[in-house]
Amino acid sequence: MLKQMLQKEFSLVLRDKHSLAALFIMPFIFILIMSMALKDTFNSERALLSYEVIDLDNSLDSKTLQDFMATSSFLYKPKKGDNRDIHLSLTIPEGFSASLLEKKAAPLLQLSAAPDVKQEMVLIFQAKISADIMRLRLLQIQKEIAPFLPDTAPQLDLDNFIAEELLQINYRGMQKNEQPTSTQQSVPSWIVFGMFFVIIPMSTIFINERKQNTLMRMASMNISIPALFTGKIVPYIVINQLQVLLMIGAGVYIVPLLGGDALTPGHSILGLAMVSLSLSIAAIGTSVLIAVLAHTVEQATTVGGLINILFGAIGGVMVPKFYMPQSMQTFANISPMSWGLEGFLDIFLRGYGAQEVLRESLALSGFGMALLLLAAFITTRRMNA
Amino acid sequence: MISITNLSKQYRQHTALDGINLRVQKGTILGLLGQNGAGKTTLVSILNGLTPYNQGEISIFGLPLKTNLREIRQRSSFIPQSFAFYENLTVMENLRFFAGIQNIRGKQLRQSIEQAIATNRLDNMLEQRAHALSGGQKQRLNIAIGLLNDPEIIYFDEPTAGIDPELRNSILQTIHSFKDAGKTIIYTSHYMQEIEQICDEAAIIHHGKIICHAPVATLLTKDGQQTTLESIFLKLTTRQKATC
């Protein structure tokens, strides 16, 4: 009996072009677009800020300071004719060189920032300039002490001041020299979002079955509610797993073809399977309950679509959680999409395994099972009315 | 074959069936007549175990319905008014699906499907998706699905609603042919002429009660005069006449 139910459900979904588009094409396109659109956000090599220097000092020190700034990967100095907006304008006042080692009441430099520059960017710039000024001061001190310490002072290699030599950064769960990419963030997000779109085929088929009395006919053929629900749940679990595989495939193989970063799918297949299956139960539970409660297909797809968008917006699918203020990040935890997303990020981004995603997996499975039981209870009560 | 004693069904404040008593013999075609909301569909639904009832006794094939629902369902079939199949599956896929979920397999599966196809003249449209069929063809498929388990009792709920007269006749002939195969038919309809044409007995339900149950031939020649079911129905339901 289950075999026929599965065959039927698969045939119906595969013949429904709109459902296929929502389940496979929509998340695929989102993955491509968002991986490319957010590429620079995760790229430590890209220039974040454009700047100009108004050098009123015209000294060797002011030129050296500018040379130091030019080595930064996050700063960009537009060339003549480049119409890019200038984010920061640094003024080196006259007498800068002379006052480098003096303690003065007035600030050494003046910075004018465009109003749309984020405060944390100004702070990063401030830290960079502070480090460069310190280098300049150390160079001056080195020159001044050189005659007194002829053997030691020249060995202080202050010209080759490379940040990477001072601090090696390794991201947890990643190989040396690997770093998080936009693909690592966008693939899990849009997998989660796409999986919840099973609401469209599930509700369309389920409500049509109810309206056309096909469910009633099946009941008169001794099909029980558990058998009916199993016949609905299993095909969509398979469809959800196919979505996960295809979207991971898109992240690994297709995004790099378009110039994006390839997805590294983590190291825990068990952990991935746990998150993927439990997320599927949550998505199917939501879909079945909506299909049971809605009177028409239009109602189900509208309500289902709205719930998906709300879950996605709250849960960090559309806007990554790290962009949200702390209060919103806490609020995001009410969305099951957030639990699923965190589970996938644990696997893809943080390199965690099955043990670390157990909590999210249990929460998602519990949520899905609760909704399925509620849907079964409502259906039974209606049939016995 | 079907025995109903003092059957009542209450939906909150509304009494859908009120003390129904009915006996249907094997091989009979019984027409159930009644206005919308009279209780026809509720009665058929109860007989198929799809709706619980509050009071009364029902036995089918000599078996109490409440304790033998599974077996009774295996030996009977309910054909809803709506096209209760999958529009996006082909005719053959629909037949295979509904046979499969009833655990009809192997040689029996092939025979059941062949029989259902032949009886309902679906041969030329087996690979067509159901949504591409005409209204009459859809109704044929609807009926064919109901024949897959070779039922002894078939419940038809308004099978000719919305079908053009030519096709209606052909469907009526098909239904009448089931009598020759020894099947018992419970047939609900608004069309009095159809009941006159194919039914052996007619039962009129009004406000949840059976106000008339008699052989159709007897009803049509009451008191030596030729009459019509429509005339009897109108007299009974407008209280011009107490009994048939």
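Just so you know, these numbers use all the heavy atoms, side chains as well, and skip hydrogens, waters and symmetry mates. Quick caveat: nothing in here was measured; it's all calculated off a predicted structure. Here is how names work: the chains are called A, B, and so on, in the same order as the sequence lines, proteins then strands, and each is numbered from 1.
Interface check for chain A: of the options B:I72, B:L50, B:N103, the most heavy-atom pairs under 4.5 Å are formed by B:L50. Note on B:N48, B:N142, B:N94: by heavy-atom pairs under 4.5 Å with chain A, the leading option is B:N142.
At most 12 heavy atoms of other shown residues, nucleotides or ligands fall within 6.0 angstrom of atom CZ in B:R96. Around the NZ atom of B:K179, the shell of radius 6.0 Å holds more than 12 heavy atoms that belong to other residues, nucleotides or ligands. No more than 12 heavy atoms of other residues, nucleotides or ligands lie within 6.0 Å of CD in B:Q115, so this atom counts as exposed by the packing criterion. For B:L126, the CG atom counts as densely surrounded, since its 6.0 Å shell holds more than 12 non-hydrogen atoms of other residues, nucleotides or ligands.
There is no contact between B:D157 and chain A, counting heavy-atom distances below 4.5 Å. Heavy-atom distances place no part of B:R12 under 4.5 Å from chain A, backbone and side chain included. Contacts between B:Q81 and chain A at a heavy-atom distance below 4.5 Å are absent for every atom of the residue. Neither the backbone nor the side chain of B:Y155 comes within contact range of chain A, judged by heavy atoms closer than 4.5 Å. Both the backbone and the side chain of B:N88 come within less than 4.5 Å of a heavy atom in chain A. Residue contact with chain A, scored on non-hydrogen atoms closer than 4.5 Å, involves the backbone and the side chain of B:I145 alike.
In this structure, the side chains of B:F97 and A:M5 come closer than 4.5 Å at one or more pairs of heavy atoms.
When the heavy atoms of residues 6-28 of chain A are compared with those of chain B, the residues falling under 4.5 Å are A:K8, A:S11, A:L12, A:R15, listed by number. Within residues 212-235 of chain A, the residues that have a heavy atom under 4.5 Å from a heavy atom of chain B are A:Q212, A:N213, A:T214, A:M216, A:R217, A:M218, A:A219, A:S220, A:M221, A:N222, A:I223, listed by number.
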